[in-house]
Amino acid sequence: MIKAQRGTKDIFGEESYTWQWILNNAQNVFQNAGFQEIKTPIFEATELFARGVGDSTDIVNKEMYTFQVGGIEKNATSITLRPENTAGVVRAFIEHNIVRQSPPQKFWYFGPMFRYERPQAGRQRQFHQVGVEMFGIKEPSADAEVIMSAVEFLKSVGLDNLEVELNTLGCPKCKNDYRNSIKEILKPHLENLCDDCKMRYEKNPLRILDCKNEDCQKIFEIKEVKNVILNDYICDECKDHFDTLTKYLDDLGIKYQRNKLLVRGLDYYNRTVFEIKSSALGSQSAVCGGGRYDGLVEMLGGASTPAVGFAMGVERLFTLVEKQEAPKLDYFIVSTNTKEAIKLAQKLRQQNKKVEFDMQARKFAKQLEKASKIAKNAIILGEDEINQGFYSIKNLETGEQTKIEKFENLI
RNA sequence: GCGCCUGUCGUCAAGUGGUCAAGACCUCGGAUUGUGGUUCCGAUAUGCAUGGGUUCGAAUCCCAUCAGGCGCCCCA
């Protein structure tokens with residue numbers, strides 16, 4: 001038997017109603033906030049992700065689905081199934097000169113992403129993200145708008161009490177100063193860091209702060225190290241930006257926790273970074289991650305443009321959310337006269353009613369039993385009804401049955 | 001990519017080396033030839049993730065592969 005590929009999943013039945021519901025809520029909340037939907041291709045040039053996501057990241061180094069296409073001819077090109085969507089949206093932004101529209105340029109998206117990882121709870125090889133990208137606003141109001149949209153969307157799907165963690169990485173200069181100080185203070189302890197952190201020390205020292213290894217944690221607790229970690233290397237401008245943002249969040253009643261150890265894995269972030277977590281998720285606890293990436297558009301060849309965004313993992317959201325049930329039909333047509341039943345179904349569906357009928361013309365009792373499971377009402381269309389031109393409507397909750405003369409009264 | 005645990009019907013499961021692999025729910029059929037959701041009867045795995053091996057005998061023991069869970073890593 002051929003099975004679905006490891007880390008992929010069929011979504012159908014009851015689950016699909018919850019998916020639809022999540023998607024509908026995203027559409028409402030984001031469109032009401034002025035975000036337009038953008039659908040970018042599922043594959044892009046490999047180079048886009050190498051440059052956009054960052055070649056020091058695991059995503060690019062070991063998790064991408066990359067293919068050579070065009071056969072073995074010399075001009076075969078390398079394409080990659082998108083591991084995230086920010087790079088693709090930025091590519092579209094540049095390619096279509098969207099920068100020439102008046103800012104802000106606001107987009108939301110929903111779609112599958114691909115990463116070749118070991119699957120576990122909340123982690124699949126094909127997974128889905130909903131997210132938002134906003135361009136053209138350098139003011140902290142943009143950060144606030146984006147975080148607010150995330151929080152409001154989560155509220156709309158009934159998730160009211162998730163923890164928002166917030167940090168600022170500063171501008172490239174602040175980030176660099178901080179990085180250098182971290183490297184300097186950790187240098188004497190390098191031997192005692194875990195193997196992963198030894199690697200990070202060269203490649204991406206800020207990520208050392210994320211390490212949960214006990215030995216590393218002990219080093220962070222050493223006084224001088226702790227001082228450096230918790231010290232602000234943030235310039236006045238970046239500090240103002242962050243302070244203003246937190247004031248907006250206070251005014252909005254959005255609760256957050258400052259987490260100075262929050263450093264996000266993708267290279268492109270600067271200033272604001274945030275995550276929204278749930279302890280109900282196990283070790284993959286982040287539902288949402290995002291931040292500001294003022295340098296990315298320029299880095300990918302566009303005009304220098306400030307930007308903020310976030311992405312949420314829909315599968316993770318799904319585990320947290322209350323499951324939705326299949327909506328009941330307005331009518332189930334109970335009839336052994338298939339010819340009349342199918343015609344009535346067509347007419348009612350044209351009036352935007354949810355209707356089914358029994359295609360096997362089974363026994364009356366069977367049809368009614370089926371109807372009671374999936375519909376609010378049964379329309380009984382037997383010989384008497386057809387000959388005398390009326391409909392018997394049975395309310396399947398109360399059991400009450402009424403006679404209706406005109407089709408219009410069914411609508 | 002690494003470590004630990006798991007894998008019996010659509011679902012939840014009993015069975016831990018010796019006749020035909022319990023049971024429940026779901027599904028389908030019947031009791032009920034135009035009145036359901038209750039009840040009662042019946043059907044449904046020559047098969048125990050897959051492939052090998054040990055044994056007179058394997059769902060049960062061993063090996064490999066595949067898949068799932070948790071943790072590491074990474075991230076949403």
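Note: hydrogens, waters and symmetry copies are ignored here, and every other heavy atom, side chains too, is used. Each chain gets a letter, A, B and so on, in the order its sequence line appears, and its residues count up from 1. Predicted, not measured: the structure shown is a model, and the values here were computed from it.
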My understanding is that a pair needs two contacts under 3.5 Å, Watson-Crick or G-U wobble. By that rule, which nucleotide pairs with [N]?
{"N": "B:C72", "answer": "B:G1"}
{"N": "B:A24", "answer": "B:U11"}
{"N": "B:G29", "answer": "B:C41"}
{"N": "B:A67", "answer": "B:U6"}
{"N": "B:U54", "answer": "none"}
{"N": "B:U60", "answer": "none"}

Phosphate OP1/OP2 of [N]: any [X] side-chain N/O under 4.0 Å:
{"X": "A:R207", "N": "B:C73", "result": "no"}
{"X": "A:Q120", "N": "B:G71", "result": "yes"}
{"X": "A:R6", "N": "B:A67", "result": "yes"}
{"X": "A:S283", "N": "B:C70", "result": "no"}

Taking C-beta and beyond as the side chain, do [X] and [Y] meet within less than 4.5 Å on heavy atoms?
{"X": "A:F114", "Y": "A:M64", "result": "no"}
{"X": "A:R292", "Y": "A:H241", "result": "yes"}
{"X": "A:S141", "Y": "A:Y248", "result": "yes"}

Provide, to the nearest angstrom, the distance between the [atom1] atom belonging to [X] and the [atom2] atom belonging to [N].
{"X": "A:K62", "N": "B:C72", "atom1": "NZ", "atom2": "C1'", "answer": "11 Å"}
{"X": "A:K328", "N": "B:G36", "atom1": "NZ", "atom2": "C1'", "answer": "11 Å"}
{"X": "A:I393", "N": "B:G36", "atom1": "CD1", "atom2": "P", "answer": "18 Å"}
{"X": "A:D58", "N": "B:C2", "atom1": "CG", "atom2": "P", "answer": "15 Å"}
{"X": "A:K323", "N": "B:U11", "atom1": "NZ", "atom2": "C1'", "answer": "17 Å"}
{"X": "A:E117", "N": "B:G1", "atom1": "CD", "atom2": "C1'", "answer": "11 Å"}
{"X": "A:R123", "N": "B:A67", "atom1": "CZ", "atom2": "P", "answer": "15 Å"}
{"X": "A:R118", "N": "B:C5", "atom1": "CZ", "atom2": "P", "answer": "13 Å"}

Determine the interatomic distance between [atom1] on [N] and the same-named atom on [M]; round to the nearest Å.
{"N": "B:A24", "M": "B:C40", "atom1": "P", "answer": "11 Å"}
{"N": "B:U38", "M": "B:A45", "atom1": "C1'", "answer": "30 Å"}
{"N": "B:C72", "M": "B:C63", "atom1": "P", "answer": "28 Å"}
{"N": "B:U50", "M": "B:G10", "atom1": "P", "answer": "12 Å"}
{"N": "B:A21", "M": "B:U60", "atom1": "P", "answer": "15 Å"}

- Message: With no hydrogens and no angle check, just 3.5 Å: does a side-chain donor-acceptor pair link A:E163 and A:Q257?
- Response: no
- Query: Side chains of A:T8 and A:Q126: do they bring a donor and an acceptor to under 3.5 Å?
  - Reply: no
Which part of the nucleic acid, if any, lies within contact of [X], taking any heavy atom under 4.0 Å across all strands shown: a base, the sugar-phosphate backbone alone, or nothing?
{"X": "A:G290", "result": "nothing"}
{"X": "A:G13", "result": "nothing"}
{"X": "A:Q284", "result": "base"}
{"X": "A:A286", "result": "sugar-phosphate"}

- Task: Determine yes or no for a side-chain-to-main-chain donor-acceptor pair under 3.5 angstrom, with A:Q360 supplying the side chain and A:R362 the backbone.
- Result: no
- Message: Using heavy-atom distances to pick each residue's nearest nucleotide on RNA chain B, tell me which of A:Q129 and A:A4 is more 5'.
- Response: A:A4
- Residue whose closest nucleotide on RNA chain B lies nearer the 5' end, A:E315 versus A:L281: A:L281
- Query: If you measure from the Lys or Arg side-chain nitrogens to the Asp or Glu carboxylate oxygens, is any gap between A:K9 and A:E15 under 4.0 Å?
  - Reply: yes
- Message: One character per nucleotide, please: for nucleotides 26-34 of chain B, 5' to 3', B when the base has a protein heavy atom closer than 4.0 Å, S when only the sugar-phosphate does, - otherwise.
- Response: -S-SSS--B
- Task: Return the minimal non-hydrogen interatomic distance between A:F127 and A:Q124, and the atom names on each side.
- Result: CD2-O, 3.5 Å
- Query: From B:C75, B:G37, B:U35, pick the nucleotide closest to the side chain of A:R316?
  - Reply: B:C75
- Message: So, applying side chain to side chain contact (heavy atoms under 4.5 Å, CB included) with A:Y268, which one of A:T86, A:V90, A:T57 is it?
- Response: A:T86
